[in-house]
Amino acid sequence: MTLRNCPVCDTQDATPVPEYSRDEWDISACDSCGHVYLRNPPGYGALVEDFAWEKTYVDEHTRRLEERPLTYRLDLATRARHSWFRKPLHVRQAAWFKAGNLLNVGCGDTTDWFQGFTPFGIEISKALAEVSDANMRALGGFCVHGPGATAIGEFDENFFDGIIMRSYLEHEEEPLTVLKGAARALKPEGAIYVRVPNYNALNRHISGPKWCGFRYPDHVNYFTVPDLKKIAAQAGLVVSLLNPIRLPFDDNINALLRRAA
Ligand SMILES: [Zn+2]
């Protein structure tokens, strides 16, 4: 199996992190920039069927229930705590994006983000893409079935007012290609919402291999904020954090990416 170069800086050499590797999945840290990533991802073909998110989610859920039943159940039970102080999604989105064309990369078959926008989507799971395409066509948009790195190129330049990458970039084998494509498809004043697991979260340092951000093999990039800034800059994008103060305690990075001036 060929080993993947660092997705952030394209360096080939990396040092394995055995405590975070599981089964045959090789989690390594880039020798040049330190980014931690899965070196031997299963490939897009596997994602379409064998490792499709809707299946691995159930597997991971079962594994965690068996592995750490009490803490995992507690975490699930109190998950609502993360949204106690948060405004509804459509209100937050209205602050991030101008009304118009909104793309959701890795959209699954969810519809709660459509409100007030013409919806477009990219989805690698065939079954989910079909459901989304039907929903979006009814509202003037459509959903492309395929990997983000190629599908993003099917949209026109300067087309989107907003792009959503919610819990997506950590799954993407070619995150830089997708970010470059997104920067091209974005209107100059548009914004990209990115949510990825926060590899520098305090919880990861405490929980170690049991940290909720690890998912095998479908999380292939483990970003820190500096990693995200570095890869975004190569796509001509600037990162503004939406959760700068509580970031160390947050298992996710939430950010808006805009075209560099
Ligand atoms: Zn690197």
Side-chain angles (χ1 to χ4, degrees), residues 1-44 46-47 51 105-106 124 147-150 152-153 163 165-184 192-205 207-209 211-241 243-244 247-248 250-260:
M1 183 180 271
T2 52
L3 295 174
R4 190 163 72 120
N5 285 3
C6 170
V8 172
C9 75
D10 203 33
T11 294
Q12 195 175 9
D13 296 333
T15 303
V17 187
E19 64 270 35
Y20 292 157
S21 300
R22 174 189 294 272
D23 303 328
E24 73 267 42
W25 309 115
D26 170 1
I27 302 286
S28 290
C30 169
D31 284 350
S32 174
C33 76
H35 176 65
V36 171
Y37 65 102
L38 178 64
R39 254 180 135 190
N40 56 342
Y44 287 132
L47 279 174
F51 295 104
V105 186
I124 197 164
T150 47
I152 193 84
I163 298 178
M165 297 188 185
R166 189 177 193 281
S167 306
Y168 162 75
L169 271 185
E170 66 270 32
H171 298 261
E172 177 54 62
E173 279 180 40
E174 298 179 44
L176 180 56
T177 310
V178 172
L179 287 171
K180 282 180 175 169
R184 175 193 153 276
I192 303 169
Y193 169 66
V194 169
R195 176 186 173 89
V196 287
N198 174 17
Y199 187 72
N200 260 349
L202 199 60
N203 196 14
R204 198 264 303 167
H205 294 285
S207 308
W211 178 52
C212 56
F214 290 117
R215 196 180 290 168
Y216 309 91
D218 47 344
H219 285 186
V220 301
N221 313 303
Y222 292 94
F223 293 104
T224 62
V225 169
D227 292 348
L228 189 61
K229 287 183 174 172
K230 226 174 281 170
I231 195 169
Q234 293 174 65
L237 295 164
V238 177
V239 175
S240 338
L241 292 176
N243 59 339
L247 184 71
D250 203 324
D251 287 320
N252 293 285
I253 300 168
N254 287 281
L256 286 182
L257 279 54
R258 290 193 178 85
R259 283 195 189 179

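Whatever order the structure lists ligands and atoms in, that order sets their numbers, starting from 1.
Using cut-offs of 30° and 60° on the angle between ring planes, the pair Phe214 and Tyr222 is tilted.
Residues Asn198 and Asp250 have side chains that never bring a donor and an acceptor to within less than 3.5 angstrom of each other. Between Ser32 and Asp13, the side chains place no donor N or O within less than 3.5 Å of an acceptor N or O (distance only, hydrogens not considered).
Among residues two or more places apart in sequence or in another chain, the ring-ring contact (aromatic ring centres under 6.0 Å, His included) test is passed with Phe223 by His35. Taking the side chain to side chain contact (heavy atoms under 4.5 Å, CB included) definition, one finds that Thr177 meets it with Ala149, Glu174, sequence neighbours left out. Residues meeting the ring-ring contact (aromatic ring centres under 6.0 Å, His included) test with Tyr193, sequence neighbours left out: Trp96.
For the Zn ion (ligand 1), the neighbouring protein N/O/S atoms at less than 2.8 Å, given as residue and atom, are Cys6 SG, Cys9 SG, Cys30 SG, Cys33 SG.
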